[in-house]
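Indexing begins at 1, ligand by ligand and atom by atom, following the structure's order.
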Amino acid sequence: MHDYDMIVIGSGPSGRRAAIQSAKLGKSVLVVEKGRRVGGVSVHTGTIPSKTLRETVLNLAGWRERGFYGRSYRVKEQIGADDLMARMSKTLDHEVEVLEHQFSRNAVRTKRGHARFVGPHEVEIKGESGETQNYSAAHFLIACGTRPFRPDYVPFNEVNVFDSDEIVDLKKVPRSLTVIGAGVIGVEYATIFSALDVAVTLIEPRPTFLDFLDKEVIEEFVHDLRDRNVALRLGSPVTSIVVNGSVTTTLGNGRVVKSEMLLFAAGRVGATDVLNLEAAGIDTDHRGRITVTPETLQTSVPHIYAAGDVIGFPSLASTSMEQGRVAACHAFGLQPSPPPEFFPYGIYSVPEISTVGMTEEEVRKREIPYECGIARFRETSRGHIMGLNSGMMKLIFSTKTRRLLGAHIVGEGATELIHIGQAVLNLKGTIDYFIENTFNYPTLAEAYKIAGLDAWNRMVRQ
Ligand SMILES: Cc1cc2nc3c(=O)[nH]c(=O)nc-3n(C[C@H](O)[C@H](O)[C@H](O)COP(=O)(O)OP(=O)(O)OC[C@H]3O[C@@H](n4cnc5c(N)ncnc54)[C@H](O)[C@@H]3O)c2cc1C
């Protein structure tokens, strides 16, 4: 009766995973993508480009070797925009290739164009030259993601004032950079450019930032940033930005920041305004986001699902993929098991941060009796070998049940190391796991044992 069993709008992580899952269940699927190539924000302007840029910077700047050879050590003396872009285009090509192959192997059809609803079971797809075609489906997944928030007071010009989508297409490495917005994206870019020895000022109107992280981890991180001369301007809003060759940013407290380039990274909005959602009977909030039933990912119209950044928190590629899978399973009558209680959060700043479970502040608020264990990477032999001067792991345990409540890491390898903590947490493991098990030596993972023993020593003294 319909052209397809499932039409997916957007080919980012949630759309891709939903499309493949639907196809694996033997359903006919069409993915509509307005971009030139499939992959979404994740592949083209978000996750993969920023992480590739980070890796290139750390390699060319010799960042990981500076503990031994000094702060002025560099693998490549002059690092230009071309150096940074070369690795990016190769990585993105590879990502797109893998995805296209996945789609074709699973008989997922793709169509390039802008989709908009013309009815609850029908979309119109407008191609590049304006031609339109209508398709109907039994189910839809809105996986259109977000785009950067661009307030009127910011003079974006694609020359020296950028949003976070444009910065990945950098034509020149600036000598100085102002980053407005100390959310995950702003912090990542600020620290990546700082690792390139660019003079960075990070501005955040609120007095604190990354508030969902454990305070002790943030303190360690901030100490690291100050040590590297990243200027933090917290607690005062921006009142004006003027471009006159360079960029002059004035803050409410009267401070003035001058830089060669500015990145505005304060928020993103759902890309729903062009979807004509009224025709499908769906509402959005003031940021263009769609509300769904968390367990099923259904919108207020039961055969239309939404997943990924368009539904808001946590807005990660990792969680978006899982949401896409759950939506597809539900649409075709499979009951997916509920997701594990804890998922990790990775922030690919320099140094990187990763966290899973409760922070010390949350544990205290819930009045759970607890003890913490701390390990510093410089206490591990692997840390000595790598020349690490910073990096720390904090584990929080219940003193009543001995169970791990949270793991928080800042430093080299944090986003990989966190998965040990995640496994123990989701499997309801206790401090004994860390004390009794043997870890490879020398590894940074040994920090788990050190932090476990640190907490245990405090617990037995109580
Ligand atoms: C700079 C940056 C760094 C990030 N780093 C990380 C990270 O390290 N780890 C992590 O887990 N997450 C990271 N994220 C978040 C991650 O990129 C997103 O959570 C993820 O991409 C969301 O996936 P999605 O399924 O919502 O689709 P998106 O990736 O947002 O893609 C949506 C797609 O829909 C298409 N589309 C929109 N409207 C239409 C329409 N009307 N018709 C047709 N197609 C349409 C768009 O062209 C786009 O291709 C980062 C994001 C940014 C911006």
Next on the checklist: When you compare ligand 1 with Asp165, is there at least one nitrogen or oxygen pair between them that comes in under 3.5 angstrom?
Outcome noted: no

Checklist entry - Counting N and O atoms only, with roles assigned by atom type, does the side chain of Arg228 sit under 3.5 Å from a partner on the main chain of Thr191, one being a donor and the other an acceptor? => result yes

Next on the checklist: Quick test of your reading of the structure: of Gly46, Ala271, Ser315, whose heavy atom lies closest to atom 15 (C) of ligand 1?
Outcome noted: Ser315

Next on the checklist: I want to confirm something. Looking only at heavy atoms, which of Thr47, Val123, Val43 is nearest to atom 9 (N) of ligand 1?
Outcome noted: Thr47

Checklist entry - Is His114 in polar range of ligand 1, meaning some N or O pair under 3.5 Å apart? => result no

Item to check | Shortest protein contact, atom 44 (N) of ligand 1 (heavy atom only) | outcome: Lys34 N, 3.1 Å

Checklist entry - Just wondering, more than 12 heavy atoms not from Glu131 lying within 6.0 Å of its CD? => result yes

Checklist entry - If you draw the axis of the six-membered ring of Phe377, does the NZ or CZ of Arg382 fall within 45° of it and under 6.0 Å from the ring centre? => result no

Item to check | Shortest protein heavy-atom distance from atom 28 (P) of ligand 1, along with the residue and atom involved | outcome: Val41 N, 3.6 Å

Checklist outcome for this item: Out of Ser164, Gly308, Ser14, Gly346, the nearest non-hydrogen contact to atom 25 (O) of ligand 1 is supplied by Ser14

Checklist entry - Should the pair His2 and His121 be assigned to parallel (<30°), tilted (30 to 60°) or perpendicular (>60°) ring geometry? => result parallel

Checklist entry - Can you find an N/O atom of Ala317 closer than 3.5 Å to an N/O atom of ligand 1? => result yes

Next on the checklist: Polar contacts were defined as any N/O atom of the residue lying under 3.5 Å from an N/O atom of the ligand; does this apply to Leu316 and ligand 1?
Outcome noted: yes

Next on the checklist: Counting only nitrogen or oxygen atoms and a 3.5 angstrom limit, does Asp309 reach ligand 1?
Outcome noted: yes

Next on the checklist: Here's one to test your reading of the geometry: is the NZ or CZ of Arg109 within 45 degrees of the ring axis of Phe103 and under 6.0 Å from its centre?
Outcome noted: no

Checklist entry - Quick one: do Lys171 and Glu166 make a salt bridge, cutoff under 4.0 Å? => result no

Next on the checklist: Students should be able to answer this: which protein heavy-atom is nearest to atom 37 (C) of ligand 1, and at what distance?
Outcome noted: Cys144 O, 3.2 Å

Checklist entry - Is there a side chain to side chain donor-acceptor pair (under 3.5 Å) between His330 and Tyr305 once you walk through the steps? => result CA-CA 10 Å; His330 188 268; Tyr305 294 76; 2.8 Å; yes

Checklist outcome for this item: ligand 1 atoms nearer than 4.0 angstrom to some heavy atom of Ser318 are 11 (O)

Item to check | Identity and separation of the nearest protein heavy atom to atom 5 (N) of ligand 1 | outcome: Lys51 NZ, 2.9 Å

Next on the checklist: Using a 4.0 Å cutoff against the non-hydrogen atoms of Gly10, which atoms of ligand 1 qualify?
Outcome noted: 33 (C), 34 (O), 35 (C)

Checklist entry - So which heavy atom in the protein is nearest atom 46 (C) of ligand 1, and how far is it from that ligand atom? => result Glu33 OE2, 3.5 Å

Item to check | Heavy-atom nearest neighbour in the protein, as seen from atom 27 (O) of ligand 1, with distance rounded to 0.1 Å | outcome: Gly12 CA, 3.6 Å

